[in-house]
*Asks:* 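Quick one: structure below, then a few questions.
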Number of protein chains: 2
Amino acid sequence: MVEYRDTELDRTLAALADPTRRAILARLTEGDARVTEVAAPFEMSLNAVSKHLKVLEGAGLVRRDVRGRDHWLSFDGAPLTAASDWIDHYRRFWEGRLDALARFLRDNKANKERRKDK
Amino acid sequence: MVEYRDTELDRTLAALADPTRRAILARLTEGDARVTEVAAPFEMSLNAVSKHLKVLEGAGLVRRDVRGRDHWLSFDGAPLTAASDWIDHYRRFWEGRLDALARFLRDNKANKERRKDK
DNA sequence: ATTATATTCAACACTATGGTTGAATATAGA
DNA sequence: TCTATATTCAACCATAGTGTTGAATATAAT
């Protein structure tokens with residue numbers, strides 16, 4: 001009884017958390033491909049890859065263009081914006097703290113030097 | 001029989017994919033807190049939050065400082081770098097494609113105008 | 001028409017995840 | 001010492017995720 005709505009961000013991050021799926025995206029940035037082509041390099045079954053593709057599609061990271069019996073897949077980076085924004089916000093926060101720490105240490109050292117000079 | 005090694009990136013992204021855990025991180029950027037304090041605003045049990053904290057700790061996103069019976073938790077943004085880098089790479093790739101498309105459309109329109117002018 | 005190819009669907013198994021409750025442990029305070 | 005507080009540990013449950021195989025479907029090619 002969890003009652004919680006999967007947001008787009010949830011789906012995007014969950015999709016990206018799997019290394020197979022990230023590899024699929026990497027493949028698709030080199031050019032559109034059919035399911036069989038995408039699946040070829042992987043050691044798992046075609047069906048397993050097909051499932052991963054559905055997850056990526058569900059997250060909006062992959063588009064599918066059905067032409068006859070071939071399904072042409074392409075990368076869609078649009079959902080990355082939200083994920084990137086979220087992470088970068090916290091990353092910047094963190095780096096800001098590190099900078100503040102560095103400043104503090106530097107100033108503190110300067111103070112010590114001054115004290116020594118007296 | 002999957003035989004695949006969880007990379008740090010996998011753990012980071014998986015940790016971030018849960019909205020409760022992202023909320024916990026948000027809370028911790030406002031200041032270090034004990035487990036009880038972190039858990040207070042959530043509608044789930046303390047134990048559930050404790051588990052989420054362990055996931056975040058396992059991903060290196062949360063540090064724990066045990067002082068007596070209190071566990072002080074703090075945000076650690078270091079693992080975000082790899083995640084941010086990965087996503088930004090693909091985001092830039094994607095935006096580059098959009099730019100190229102925009103250029104193409106603009107030039108194409110210019111061509112049409114020129115043709116019309118003849 | 002028959003056969004081959006591309007892909008999904010369905011059923012199953014196993015593991016992981018996210019939650020619960022109750023007990024255990026460790027520290028703090030009276 | 002006794003009691004209250006902070007936290008984890010352990011067992012359990014339900015659901016979701018990732019993989020498998022075999023059958024179904026749709027299109028293409030001979």
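What you see below is based on every heavy atom in this structure, not just the backbone, and it leaves out hydrogens, waters and symmetry mates. Just so it is clear, the model here is predicted, and its values are computed rather than measured. So you know, we letter chains A, B, ... as the sequences are listed, proteins then strands, and number each from 1.
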*Asks:* At less than 4.0 Å, is any side-chain N or O atom of S45(A) found next to OP1 or OP2 of dT20(D)? Yes or no.
*Replies:* yes
*Asks:* Separation of N47(B) atom CG from dA6(D) atom C1', in whole Å?
*Replies:* 11 Å
*Asks:* How many whole angstroms separate atom CG of D10(A) from atom C1' of dG17(D)?
*Replies:* 15 Å
*Asks:* Measure from the side-chain N and O atoms of R21(B) to the backbone N and O of A15(B), and report whether any donor-acceptor pair falls under 3.5 Å.
*Replies:* yes
*Asks:* What is the distance, to the nearest angstrom, from the CD atom on E37(A) to the P atom on dA6(C)?
*Replies:* 9 Å
*Asks:* Can you check whether H52(A) has a side-chain N or O nearer than 4.0 Å to OP1 or OP2 of dT18(D)?
*Replies:* no
*Asks:* Quick one: does any side-chain atom of T12(A) pair with a main-chain N or O of E8(A) as donor and acceptor, under 3.5 Å?
*Replies:* yes
*Asks:* If the cut-off is 4.0 Å, is H71(B) near the phosphate of dA6(D), judged by side-chain N/O to OP1 or OP2?
*Replies:* no
*Asks:* Taking atom P of dG19(D) as reference, at what distance in whole Å does atom CZ of F42(A) sit?
*Replies:* 10 Å
*Asks:* Rounded to the nearest 0.5 Å, how far does CG of L9(A) lie from OG1 of T81(A)?
*Replies:* 11.5 Å
*Asks:* Can a side chain N or O of R67(A) be found less than 4.0 Å away from OP1 or OP2 on dA6(C)?
*Replies:* no
*Asks:* Atom CG of D70(B) and atom P of dT5(D): how far apart are they, to the nearest Å?
*Replies:* 13 Å
*Asks:* Please report the distance, rounded to the nearest Å, between CG in L46(A) and P in dA23(D).
*Replies:* 17 Å
*Asks:* Could you state the atom-to-atom distance from CH2 of W72(B) to C1' of dT7(D) in whole Å?
*Replies:* 14 Å
*Asks:* Has the side chain of K51(B) got a donor or acceptor atom sitting under 3.5 Å from an opposite partner on the base of dG19(C)?
*Replies:* yes
*Asks:* Does a nitrogen or oxygen in the side chain of S50(A) sit under 4.0 Å from OP1 or OP2 of dT7(C)?
*Replies:* no
*Asks:* Might you work through the side chain to side chain donor-acceptor pair (under 3.5 Å) test for T7(B) and D10(B), ending with a clear yes or no?
*Replies:* CA-CA 5 Å; T7(B) 68; D10(B) 293 330; 3.1 Å; yes
*Asks:* Would you mind telling me which residue lines up with the more 5' stretch of DNA chain D, V35(B) or M44(A), judged by nearest nucleotide?
*Replies:* V35(B)
*Asks:* Measuring to OP1 and OP2 of dA6(C), would you say a side-chain N or O of R34(A) lies under 4.0 angstrom away?
*Replies:* yes
*Asks:* What is the separation between atom CG on D18(A) and atom P on dG17(D), rounded to the nearest whole Å?
*Replies:* 12 Å
*Asks:* Among dA28(D), dT7(D), dT27(C), find the nucleotide with the atom closest to the side chain of R69(A).
*Replies:* dA28(D)
*Asks:* Nearest to the side chain of K54(A), which nucleotide is it out of dT7(D), dT8(C), dT7(C)?
*Replies:* dT8(C)
*Asks:* About how many Å separate CG of L53(B) and CG of L28(B), when rounded to the nearest 0.5 Å?
*Replies:* 7.5 Å
*Asks:* Output the single nucleotide from dA29(D), dT7(D), dG19(C) whose closest atom is nearest the side chain of T20(B).
*Replies:* dG19(C)
